[in-house]
Structures are given as structure tokens and as C-alpha cells.
J.: 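Mind having a look at this structure? Questions to follow.
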Amino acid sequence: KCGTTTLLYAFASHNETDISKTEKCVILNAQISDTVAINRLDDALGDLNPNRKIKRGIKCPSGIKNARSLERIHNHSPNTKLIIGVRHPVLFFQSYYNYRVTEIHDLDSSESIPSIESLVGKK
């Protein structure tokens with residue numbers, strides 16, 4: 001919850017960038033071979049503008065969780081630039097709560113808006 005969706009919308013509306021409309025965390029799965037992961041990444045990027053002057057990207061908020069993912073990215077595209085967002089824990093939680101409320105609204109769900117207490121882990 002570091003504003004990745006907001007960044008996705010900003011990049012999608014810019015004329016020098018093309019980014020996937022949804023999360024594409026195809027490189028993270030440690031259970032698949034590097035070759036399969038790279039092929040899936042190629043498929044994800046294949047949906048984007050092929051113009052070499054356009055900067056292309058995918059959204060994967062958990063993409064830096066493990067070294068293998070970063071290695072796969074580097075092997076695929078050695079000149080890749082990553083954008084990493086860091087957020088204060090309180091602002092993180094606020095974003096998470098707002099996301100949940102918006103998700104319920106956008107899906108026209110009959111689910112009630114969660115209480116803050118229900119989203120906080122208890123020890």
C-alpha cells in the first residue's frame with residue numbers, strides 16, 4: 001500500500017510510457033523455472049506498446065521480496081529501473097483501509113465496511 005495504483009494511473013496516462021493495467025507478478029513464483037518465468041514476463045510485456053522509445057512496465061508491488069525475482073528481472077532486462085515506494089506505517093494502514101472501502105464500493109458488494117479493529121492483528 002504505497003500508492004502503486006496511483007502510479008499505475010499516472011504512467012498509463014503519460015504519452016511516453018505504457019504499463020500493464022493490472023498487476024503482473026509473473027516473475028515471483030519460485031516454483032516455476034526461470035525460463036517459464038521469463039516467458040511469462042515476455043507475454044506480459046507483449047501486451048504493451050512495442051515502440052522502443054516508449055518506456056514499458058509492469059506493476060508488481062511484491063516484486064522485490066526475493067533475490068530470485070530481482071535476478072530474473074536483471075537477466076531479462078539488465079537496464080531496468082525500479083520504483084520502490086516506502087510509506088509510514090500509519091499512512092500504510094490508512095491506504096489499506098481506504099483500499100478495502102473502495103473495493104467494497106466498486107464491487108457493489110453487500111459486504112459492510114470493515115471496522116478498523118477487524119483489520120488490525122491482535123496479539
Side-chain angles (χ1 to χ4, degrees):
K1 305 301 326 155
C2 288
T4 56
T5 301
T6 300
L7 280 174
L8 183 142
Y9 293 148
F11 284 125
S13 67
H14 197 281
N15 64 358
E16 294 180 13
T17 58
D18 192 15
I19 190 164
S20 58
K21 308 294 183 258
T22 59
E23 289 184 13
K24 301 285 186 181
C25 295
V26 295
I27 56 163
L28 290 180
N29 187 342
Q31 306 303 315
I32 60 175
S33 71
D34 290 344
T35 302
V36 170
I38 295 300
N39 288 340
R40 289 183 182 173
L41 179 58
D42 284 337
D43 290 344
L45 292 171
D47 295 338
L48 302 176
N49 188 327
N51 183 340
R52 300 298 260 165
K53 294 184 180 192
I54 300 290
K55 293 170 183 66
R56 303 179 310 154
I58 59 171
K59 175 189 172 191
C60 181
S62 55
I64 61 169
K65 278 187 174 179
N66 63 61
R68 189 167 186 182
S69 302
L70 293 172
E71 200 173 297
R72 287 172 172 172
I73 292 170
H74 176 74
N75 290 340
H76 183 274
S77 303
N79 296 319
T80 295
K81 305 286 190 278
L82 300 176
I83 298 173
I84 300 170
V86 179
R87 189 172 248 183
H88 186 281
V90 172
L91 296 176
F92 171 91
F93 181 77
Q94 179 184 22
S95 177
Y96 175 65
Y97 183 80
N98 290 339
Y99 167 77
R100 290 297 315 274
V101 170
T102 302
E103 182 181 47
I104 290 167
H105 178 269
D106 288 350
L107 296 174
D108 289 325
S109 174
S110 60
E111 183 181 348
S112 61
I113 293 175
S115 69
I116 290 174
E117 293 79 13
S118 70
L119 298 175
V120 176
K122 296 181 181 172
K123 293 187 178 195

J.: Taking distance alone, no hydrogens or angles, what donor-acceptor pairs closer than 3.5 Å link side-chain atoms of residues 43-53 to residues at least two apart or in another chain?
T.:
from: Asn49; atom 1: OD1; to: Asn51; atom 2: N; distance (Å): 2.8
from: Asn51; atom 1: OD1; to: Lys53; atom 2: N; distance (Å): 2.8

J.: Evaluate the ring planes of Tyr96 and Phe92, with Trp represented by its six-membered ring, and classify them as parallel (under 30°), tilted (30 to 60°) or perpendicular (over 60°).
T.: parallel

J.: If you compare all heavy atoms of Lys59 against all heavy atoms of Ser20, which two are closest, and at what distance to 0.1 Å?
T.: N-OG, 3.6 Å

J.: In plain terms, say whether Arg68 and Glu71 are close enough for a salt bridge, that is, a side-chain N and a carboxylate O under 4.0 Å apart.
T.: no

J.: Indicate the atoms forming the closest heavy-atom contact of Thr17 with Ile54, along with that distance.
T.: C-CG2, 3.7 Å

J.: Please give me the minimum heavy-atom distance between Ala10 and Ser13, naming the atom from each residue.
T.: O-OG, 3.0 Å

J.: What I'd like to find out is whether the side chain of His76 reaches to under 4.5 Å of the side chain of Asp42, using heavy atoms alone.
T.: yes

J.: Report the distance from atom CD1 of Ile113 to atom OH of Tyr97, rounding to the nearest 0.5 Å.
T.: 6.0 Å

J.: Atom CZ in Arg56, atom OG1 in Thr80: separation rounded to 0.5 Å?
T.: 10.0 Å

J.: Taking the side chain as C-beta and beyond, is there a heavy-atom pair between Arg100 and Glu111 under 4.5 Å?
T.: yes

J.: As an exercise, state the distance from SG of Cys25 to CD1 of Ile58, rounded to the nearest 0.5 Å.
T.: 7.0 Å

J.: Rounded to the nearest 0.5 Å, what separation is found between the OG1 atom of Thr35 and the CZ atom of Arg40?
T.: 12.0 Å

J.: Please check if Ile83 and Tyr9 belong to a single hydrophobic cluster, counting links between Ile, Leu, Val, Met, Phe, Trp and Tyr side chain heavy atoms closer than 4.5 Å.
T.: yes

J.: Once side-chain contact (heavy atoms from CB on, under 4.5 Å) is applied, do any residues pair with Ser112, and if so which ones, sequence neighbours excluded?
T.: none

